[in-house]
Amino acid sequence: MYWKNAFVHTLREVPSEAETISHKLMLRAGMIQKLSAGIYNYLPLGLRVIRKIEAIIRDEMEKCNATELLMPMVIPAELWQESGRWDYYGPELLRLTDRKNNPFLLGPTHEEVIVDVVRKSVRSYRDLPLCLFQIQTKFRDEVRPRYGLMRGREFIMKDAYSFHADQESLEEMYWAMYKAYAAIFGRCGLEFRAVEADSGTIGGSVTHEFHVLADSGEDTIAFCDSCDYAANVEKAAARQPLPAALPADASMPQEVATPGRTSIEDVASFLAVNPRDTVKMLIYEVDSEYYVAVCVRGDLVVNEVKLRTVLDAKAVTIPSDEIVRDKLKLAVGSMGPRNFPAGTVREVIADLSVRAMGKSVCGANRDGYHLTNVYPVRDLTFKRFEDVAVVVEGDPCPRCDGGRLKMRKGIEVGQVFKLGEKYSKPMSLTFLNDQDSPSLMTMGCYGIGVGRTAAAAVEQHHDDDGIIWPAAIAPYSVALLCLDTGSEEVYRLSKSIHDALEKNGIDVLLDDRTERPGVKFKDADLIGCPFRITVGLRGVKEGVVEFKRRHEKSLEKISKDSCAETILKIIGRQS
RNA sequence: CGGGGUGUAGCGCAGGCCGGUAGCGCACUUGGUUUGGGACCAAGGUGUCGUAGGUUCGAAUCCUAUCACCCCGACCA
């Protein structure tokens with residue numbers, strides 16, 4: 001490919017909208033271009049990266065006996081009404097009507113459609129198991145799209161759906177997909193981690209997310225430093241300590257004045273105790289219907305995802321101080337679980353950490369007062385203990401002895417789900433089993449954010465000069481710089497190298513512009529092809545061209561006459 | 001959706017308080033000099049100042065409304 005034909009337009013300055021590295025670099029490298037908030041044009045260079053990722057995905061999907069199809073992006077509302085998601089899904093779902101005023105939606109995911117596809121065709125257990133996938137543009141009207149391809153409204157996703165006669169078959173496919181995902185991200189040259197996760201609104205029970213490790217990630221993952229336990233922090237559990245024993249000399253709770261101290265930090269320092277020895281109590285509003293009180297050890301944070309799961313709720317939010325004070329008649333800043341006036345809340349839930357506490361401080365349920373000498377095992381009367389706290393670095397691993405949890409930031413690029421009968425039931429996806437009786441299919445679904453994978457690769461592989469693409473997903477393997485387009489000899493040599501590489505199946509981008517060398521070097525670094533070949537007057541006079549790897553400083557000089565073969569050998573060895 | 005901010009040339013920005021010929025850098029075009037890490041000189045083109053209304057002799061500037069975009073938060077297979 002010749003640069004002049006490749007539609008590569010790099011930017012020297014960063015458009016002001018970009019914040020994250022991948023967003024900035026992909027814009028500057030001329031890979032993407034914004035059309036609207038969270039909606040991007042994929043320019044030729046960016047599209048090549050997308051296509052390479054897609055090719056790897058297709059290859060691995062086919063190894064799992066998954067077959068590709070393509071479903072429409074515009075979906076009749078009817079199907080979603082059938083599954084119940086038409087009402088359940090919030091404003092993230094873009095709804096539209098056609099000229100006859102019939103309701104449609106832009107697909108944010110395709111469970112309903114695939115179920116419809118399969119139920120129209122599959123009747124017998126003999127057709128199962130079955131796995132179908134597509135690579136399609138999705139639309140989710142995100143509240144706040146940001147970070148370029150990382151969190152767009154329109155985005156390309158690979159989604160696969162599997163159908164099974166029984167749980168064992170689903171299990172088998174689930175782990176086959178799990179392995180395929182590991183292979184895909186490995187082949188893309190990414191450092192990633194598969195983690196246990198919360199299954200969220202899509203439903204189902206067991207799920208793993210695949211995260212590319214990068215400091216800029218939006219998710220936090222916790223993993224054990226000695227075994228292979230890893231989980232999204234939303235889900236991560238720690239080994240819970242045993243309930244504390246009550247010391248024989250334990251004295252009775254005592255009310256102390258703590259004027260104006262309403263935060264854990266203030267109360268702890270005022271009473272000269274560690275925040276670990278205080279009990280924090282928070283009020284949550286659940287599904288806009290009722291309230292609960294939640295206690296955690298003072299230094300911990302309530303995990304709202306866990307809380308939601310524990311309450312089987314859709315949403316939990318912290319109400320304003322005014323509501324807590326005026327409507328619930330509670331002492332904001334001085335709430336505590338001992339003698340808690342629970343009349344206005346449905347129940348009190350305590351984190352397991354509280355049970356393990358010894359002598360503690362908690363609110364006295366009276367403005368400006370706290371209690372000291374509280375022993376939760378003795379003084380707290382409520383019964384419900386749950387794991388509702390966010391784990392912290394150093395917590396003991398829930399799986400193994402002696403392991404400690406560590407934290408990293410991750411970018412979620414893929415997820416595998418066991419859906420079970422969540423869609424097959426409301427949509428009557430049945431088959432005849434070998435007993436000749438109708439039975440519900442059980443399903444799995446498996447997604448990969450293709451654009452997000454590209455962005456994650458940039459987050460993980462770049463330097464001050466630009467992108468450093470992993471070889472397998474680079475837009476071109478080789479940036480071939482012809483420094484002196486005015487010289488017949490240099491130009492001819494450049495072209496012959498270009499042709500020889502292309503003939504051997506190597507992607508090569510020949511910079512044939514009449515630009516100064518500095519510009520070409522800068523652009524080559526920015527675009528980030530793994531290999532660079534420089535053909536210039538200076539080298540040609542000595543009979544050499546230069547070969548450089550994007551991630552290394554050093555250059556190799558290669559005889560110009562045998563350079564195509566030499567380079568083929570080097571690249572063949574590496575990729 | 002709550003809080004904050006920005007819309008002026010393709011990109012990055014100044015101008016705005018204090019109304020009076022719309023500017024700078026990069027990019028682009030032409031000519032020349034340069035030529036191995038984003039060159040230099042000269043000349044040139046480029047705008048409904050986000051949109052609509054209002055105040056005024058006169059609005060990028062003041063007022064009102066509105067739209068878009070960005071950041072923080074909430075939200076998110």
Does [X] pair with [Y] as a salt bridge, N-O distance under 4.0 Å?
X: A:Arg550; Y: A:Asp465; value: no
X: A:Glu234; Y: A:Lys306; value: no
X: A:Glu488; Y: A:Arg492; value: yes
X: A:Lys548; Y: A:Glu556; value: no
X: A:Asp219; Y: A:Lys409; value: no

Give one of base, sugar-phosphate or nothing for [X], where a contact means two heavy atoms less than 4.0 Å apart.
X: A:Glu209; answer: nothing
X: A:Glu234; answer: nothing
X: A:Lys34; answer: sugar-phosphate
X: A:Asp465; answer: nothing
X: A:Pro91; answer: nothing
X: A:Tyr446; answer: nothing
X: A:Thr317; answer: nothing
X: A:Gly90; answer: nothing

I want to verify a distance call: between [options], whose nearest atom is closest to the [X] side chain?
X: A:Leu483; options: B:A74, B:C76, B:G36; answer: B:G36
X: A:Arg308; options: B:C71, B:G36, B:C76; answer: B:C76
X: A:Asp525; options: B:G37, B:C76, B:C70; answer: B:G37
X: A:Glu515; options: B:C26, B:C71, B:C28; answer: B:C28
X: A:Arg146; options: B:C71, B:C69, B:G36; answer: B:C71

Which heavy-atom pair separates [X] from [Y] by the least distance, and what is that distance?
X: A:Met26; Y: A:Ala455; answer: SD-CA, 4.1 Å
X: A:Glu209; Y: A:His211; answer: OE1-NE2, 2.7 Å
X: A:Lys520; Y: A:Asp512; answer: NZ-C, 4.3 Å

[atom1] spacing across the pair [N] / [M], given as an integer number of angstrom:
N: B:U8; M: B:U48; atom1: P; result: 11 Å
N: B:G15; M: B:A59; atom1: C1'; result: 14 Å
N: B:C67; M: B:C24; atom1: C1'; result: 29 Å
N: B:G23; M: B:G47; atom1: P; result: 12 Å
N: B:G12; M: B:C70; atom1: P; result: 13 Å
N: B:A43; M: B:G37; atom1: P; result: 29 Å
N: B:A74; M: B:A22; atom1: P; result: 47 Å
N: B:G2; M: B:G19; atom1: P; result: 35 Å

Tell me: [atom1] of [X] to [atom2] of [N], nearest whole Å?
X: A:Lys522; N: B:A39; atom1: NZ; atom2: C1'; answer: 14 Å
X: A:Glu17; N: B:C13; atom1: CD; atom2: P; answer: 11 Å
X: A:Leu35; N: B:C69; atom1: CG; atom2: C1'; answer: 13 Å
X: A:Asp463; N: B:G37; atom1: CG; atom2: P; answer: 18 Å
X: A:Leu526; N: B:G37; atom1: CG; atom2: P; answer: 18 Å
X: A:Arg550; N: B:G37; atom1: CZ; atom2: C1'; answer: 12 Å
X: A:Tyr147; N: B:C69; atom1: OH; atom2: P; answer: 17 Å
X: A:Arg513; N: B:A39; atom1: CZ; atom2: P; answer: 12 Å

Quick check: any donor-acceptor pair below 3.5 Å linking the side-chain of [X] to the base of [N]?
X: A:Asp523; N: B:G38; result: yes
X: A:Arg28; N: B:G12; result: no
X: A:Arg532; N: B:G37; result: yes

Q. Where each residue is assigned the nucleotide of RNA chain B containing its nearest heavy atom, which of A:Lys520 and A:Lys158 is assigned the position nearer the 5′ end?
A.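 Whichever sits nearer the 5' end wins; that is A:Lys520.
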Q: Let me know, please, whether A:Leu537 or A:Val143 comes out on the 5' side of the other along RNA chain B by nearest nucleotide.
A: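 Comparing both residues, the 5'-ward one is A:Leu537.
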Q | Lys/Arg cation over aromatic A:Phe547: A:Arg532, 6.0 Å, 45° cone | A |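 A:Arg532 over A:Phe547 ring: no.
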Partner nucleotide of [N] by Watson-Crick or wobble geometry (both distances under 3.5 Å):
N: B:G45; answer: none
N: B:U66; answer: B:G50
N: B:U55; answer: none
N: B:G38; answer: none
N: B:C18; answer: none
N: B:C24; answer: B:G12

**Q.** Test side chain to side chain contact (heavy atoms under 4.5 Å, CB included) applied to A:Tyr476 and A:Leu510, A:Val508, A:Ile527, A:Leu45, the passing residue
**A.**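 Answer to the side chain to side chain contact (heavy atoms under 4.5 Å, CB included) test with A:Tyr476 among A:Leu510, A:Val508, A:Ile527, A:Leu45: A:Leu45.
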Q | Short side-chain N/O contact to B:C72 OP1/OP2 from A:Arg144, under 4.0 Å | A |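 Indeed, a polar side-chain atom of A:Arg144 lies that close.
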(Q) It should be established whether A:Arg516 places a side-chain nitrogen or oxygen under 4.0 Å from OP1 or OP2 of nucleotide B:A39. (A)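 A:Arg516 to B:A39 OP1/OP2: side-chain N or O found under 4.0 Å.
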Q: Using a 4.0 Å cut-off on protein heavy atoms (strictly under), produce a 5'-to-3' string for nucleotides 4-11 of chain B with B for base contact, S for backbone-only sugar-phosphate contact, and - for none.
A: -------B
Q) So do A:Tyr491 and A:Asp484 actually touch side chain to side chain, heavy atoms under 4.5 Å? A)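 They are not in contact (no side-chain heavy atoms under 4.5 Å apart), so the answer is no.
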